[in-house]
Visitor: 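Structure incoming, see below.
So you know, we letter chains A, B, ... as the sequences are listed, proteins then strands, and number each from 1.
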Amino acid sequence: LDLLKAGLVYRKESSVNWDPVDMTVLANEQVIDGRGWRSGALVERKKLNQWFLKITQFADELLEGLQTLDQWPDKVRLMQENWIGKSKGLRCTFNFVDSPDGIDVFTTRPDTMFGASFIAIAADHPVAADLAQHAPALKSFIEECHKGGTTAADIETAEKFGFNTGLSVQHPLDPHWHLPVYVANFVLMDYGTGAIFGCPAHDQRDLDFARKYDLSVTRVVAEHQEEDSGFQGDIAYTGPGRIVNSHFLNGLSVEEAKAEIIAKAEHEGWGQGQIQYRLRDWGVSRQRYWGTPIPIIHCEFCGAMPVPRAQLPVVLPEDVTFDIPGNPLDRHPTWKNVPCPNCKEPARRETDTLDTFVNSSWYFIRFSSQPKDKPFDRAEAEQWLPVGQYIGGVEHAILHLLYARFWTRALQHMGRLGLAEPFKGLFTQGMVTHETYRAIELQTDAKGNPRLFNGEPVIDYHWVSPDDLYAEDDNLFEKGTGLPVQVGRIEKMSKSKKNVVDPDPMFDQYGADALRWFMLSDSPPERDLEWSEAGIEGTWRFVNRIWRLFDALDGAATGEDAALDKVLHRAIAGIGADIDALTFNKAVAKVHELVNAIEKANSSTTKTEAIRTLVRLISPMLPHLAEEGWMVMGGEGLVATQQWPEHDPALLVDDEVTIAIQVNGKLRDTLTLPKVADKAALEAAALASEKVIRALNGAAPKKVIVVPGRLVNIVA
RNA sequence: GCGGACGUGGCGAAACCGGUAGACGCAGCAGACUUAAAAUCUGCUUCUCUUCAUGAGAGUGCGGGUUCAAGUCCCGCCGUCCGCACCA
């Protein structure tokens, strides 16, 4: 309601995927090959009244704000940047030849205006709707445009269609130049002005359209020396070049010409420079029961009225059924019937509920502050926020992470929270993935005969859990039904696809520590991890090895072990750095190295100390084992509360280093030499090497490159 | 179509600023211990060739290039994955 008051909420008609059989709105993901995923019916585009949040008001802020998020992955920032999609161009009017009105278009290529050959408007454009009232042919063309899905595959293969309205407009730069107006299926109503001017020579879609309807194609940008206005072929030229066939623009670069035209349009008053965003307002209406109710009451006389604050929160009814398609709130007998808060006449509750992403847009604020009487306490929330290190999958890059940024800025805008960005640092972890399995079943009618659609049998798929499979002659079948099972792609584990492995049996068999260690071991956390149990045995053995090490602790040991001390301090430094960098797989490798070294070492005070230190090093990754070890060793309190061990930087450097000796870039020998050895000493040692002498085979070295502490390369 | 990432042994992967490719682990092989097995321990384990060693050659998707030196940098391909997608 605060957002509504701040003018950040509105209601408008918008297009949705509509399944005419199940009578429901479908998400894009639920439209498969243009058909409803359940009903198999052709999906239509339908207009529904929906609530929107005005995220576009913050488009520029959200874009600019990305630059402050230096602890976010570049990938996510780039995805958001592309999603917001800022572009600069010209908005201008093409006036009708015989009426005072005109059609507004937006273009990012005003430099190509002299190459215009037609105007195309969206099927939903008001001009098209007007004309259609008296033109049945246009009306059916528009209906045709509404059919056909909105899926990627559909769009890619969709042919361009147009309908010549018979209207003509004047070119703004030459009133005697008239252009035809088409309604075209490839023009979108919700980007720009819903209308374009077509410049076929320099836009692929326009060229496809022009070739199909035999419209003129004029070259106005020359890549090299092409001056002629004719344009051959079916590939538009969209690169840089010099403007030609364009009167006063001739000879300018594309960029110069854009600036020139925008300046002229603004000066003469027929257009202006405009910034356009790809980002659209956030449609939050869902026709579902499970969602936060939208606190609005629709009154026949007063319109959409906010629910009075005293009546908040609006609570969902619990006596609902889900046995038939559609929103249970809509058909509930009483819940939606309430008096209008203003005129008290009978009115109707909003039965749409909010997208769940609305809730996740501010949960972190509530986490930081949970007063009973309001969503959060500003001072308390500000004390904790922003979130220092946020961890989640990339799948939220442009959904949750953009919505939450918007929500935070909206709260700031309304003076509710002094915070521009909710998440300071972001780490996008990989997904745990697994093969998917689908059982195939032919649909049958009431008599048990296969159901046909356009003569083809209708096939039902359902996902099968890996636990519900059995193999027979190299083929997979579903337990219980015996249906054949197809192995599908490896995808992130999800409840909907059932490609989930329950870790509980492994947990029972090997314990929480072994399982945790196993998951940290091999794969870097930002990478997807294909789940496999191969290796858990080895992990479990390693946990036992450490345990035996604690057992072998020798308090009476004497003597020191300088070599082991070095390994230990190197491990302390390395493991700490790896944990800081979230490269746990490398930390695990270093623990292995340390344990290997301790096991091989003879008894000494150093070894005893190393084992005691090991307990603290493994504690973040093997907490139970570490606590047991800590207790066995008589440590005070919990190891989890101990300081991270200090490392001695002096022990990280070696007195002696292994130097690679190359001849012509090929490794011929390695020599262990004092770290302090200077270039001359290294060169001398290298040239003295028997293997080097053999490799040189009498040839005199032309040049010797010495990298102290690393290698010597003899060029012969 | 646009944008991005990635490509290293049988497998998961390491490799800092261009400087010994394959750390560490899984799997595998051989051996010790054992009546036997498990567990444990030891050794081997990128590929090819040979005179079998302190040997030679090849090798990080493919083809070029820069450099004394390239998994790493540059150019061009091929492939895989991710995001967006008729955005004017």
Visitor: Check every strand shown and say whether A:Ser532 touches a base, only sugar-phosphate, or nothing at a heavy-atom separation below 4.0 Å.
Guide: nothing
Visitor: What is the pairing partner of B:G3, taking Watson-Crick or G-U wobble pairs with both distances under 3.5 Å in any strand?
Guide: B:C82
Visitor: From C-beta outward on A:Leu188, which listed nucleotide comes closest to its side chain: B:C84, B:G19, B:A88?
Guide: B:A88
Visitor: Of all the nucleotides listed (B:A88, B:U54, B:A13), which has the minimum atom distance to the side chain of A:Tyr191?
Guide: B:A88
Visitor: Base, sugar-phosphate, or nothing: which does A:Val704 touch, judged by heavy atoms less than 4.0 Å apart?
Guide: nothing
Visitor: Contact class for A:Lys586 (heavy atom, under 4.0 Å): base, sugar-phosphate, or nothing?
Guide: sugar-phosphate
Visitor: Report all interatomic pairs (protein N or O, nucleotide N or O of nucleotides 66-71 of chain B) with separations under 3.5 Å.
Guide:
unit_1 : atom_1 : unit_2   : atom_2 : d
B:C68  : O2'    : A:Asn713 : ND2    : 3.1
B:C68  : O2     : A:Asn713 : ND2    : 2.7

Visitor: So, is A:Arg280 close to the B:C84 phosphate, meaning a side-chain N or O under 4.0 Å from OP1 or OP2?
Guide: no
Visitor: Is the distance from the ring center of A:Tyr510 to that of A:Phe518 below 6.0 Å?
Guide: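 No: the rings miss the under 6.0 Å criterion.
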Visitor: Tell me if the centroids of the rings in A:Phe209 and A:Tyr182 come within less than 6.0 Å of each other.
Guide: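 Ring-ring flag for A:Phe209/A:Tyr182: true, centres closer than 6.0 Å.
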Visitor: Taking OP1 and OP2 of B:A88, is either one under 4.0 Å from a side-chain nitrogen or oxygen of A:Ser87?
Guide: yes
Visitor: Could you please name the option among B:A85, B:U20, B:G25 that lies closest to any side-chain atom of A:Asn596?
Guide: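 Of the candidates, B:G25 comes closest.
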Visitor: Got A:Ile262 and A:Pro110 here, is their nearest side-chain heavy-atom distance under 4.5 Å?
Guide: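 In short, these two side chains touch, coming nearer than 4.5 Å.
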Visitor: Distance check needed: B:C24 P versus A:Arg570 CZ, whole Å only.
Guide: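 Computing the A:Arg570:CZ to B:C24:P distance gives 14 Å.
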Visitor: Return the nucleotide paired to B:A32: Watson-Crick means purine N1 to pyrimidine N3 with N6-O4 or O6-N4, wobble means G-U with N1-O2 and O6-N3, both under 3.5 Å.
Guide: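 Per the H-bond distance test, B:U40.
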Visitor: If the cut-off is 4.0 Å, is A:Asn585 near the phosphate of B:A14, judged by side-chain N/O to OP1 or OP2?
Guide: yes
Visitor: Below 4.0 angstrom from OP1 or OP2 of B:A13, is there any side-chain N or O of A:Ser523?
Guide: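 Answer yes for this pair, as a side-chain N or O of A:Ser523 is under 4.0 Å from OP1 or OP2.
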Visitor: Counting only Watson-Crick pairs (N1-N3 plus N6-O4 or O6-N4) and G-U wobbles (N1-O2, O6-N3), all under 3.5 Å, who is the partner of B:A23?
Guide: none
Visitor: Checking only heavy atoms, does the side chain of A:Lys160 share a donor-acceptor pair with the base of B:C86 at less than 3.5 Å?
Guide: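 Such a pair is found, so the answer is yes.
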Visitor: Find the partner of B:U67: check Watson-Crick (N1-N3 plus N6-O4 or O6-N4) and G-U wobble (N1-O2, O6-N3) distances, both under 3.5 Å, and reply none if neither fits.
Guide: none
Visitor: Determine the contact category for A:Arg77: base if any of its heavy atoms lies under 4.0 Å from a base atom, sugar-phosphate if only primed atoms, P, OP1 or OP2 are that close, otherwise nothing.
Guide: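 Result for A:Arg77 = nothing.
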Visitor: Across the strands shown, which category fits A:Asp206 at heavy-atom distances under 4.0 angstrom: base, sugar-phosphate, nothing?
Guide: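 Here A:Asp206 touches no strand at all.
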Visitor: Within the sub-3.5 Å range, which N or O atoms of nucleotides 27-30 of chain B have a protein N or O partner, and how far apart are they?
Guide:
unit_1 : atom_1 : unit_2   : atom_2 : d
B:A27  : OP2    : A:Arg541 : NH2    : 3.4

Visitor: Describe the nucleic acid contact of A:Thr108 in one word from base, sugar-phosphate, nothing, applying a heavy-atom distance below 4.0 Å.
Guide: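 The residue A:Thr108 makes sugar-phosphate contact but no base contact.
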Visitor: Which nucleotide in the list B:G12, B:U54, B:C84 gets nearest to the side chain of A:Asp522?
Guide: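 Among B:G12, B:U54, B:C84, the one nearest the side chain of A:Asp522 is B:G12.
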Visitor: Report which part of the nucleic acid A:Ile398 touches: base, sugar-phosphate, or nothing (heavy-atom distance under 4.0 Å, all strands).
Guide: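 Sugar-phosphate, no base atom in range.
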Visitor: For A:Arg527 and B:A13, is the shortest distance between a side-chain N/O and OP1 or OP2 below 4.0 Å?
Guide: yes
Visitor: Just checking A:Lys666: base, sugar-phosphate only, or nothing, at a heavy-atom cut-off of under 4.0 Å?
Guide: sugar-phosphate
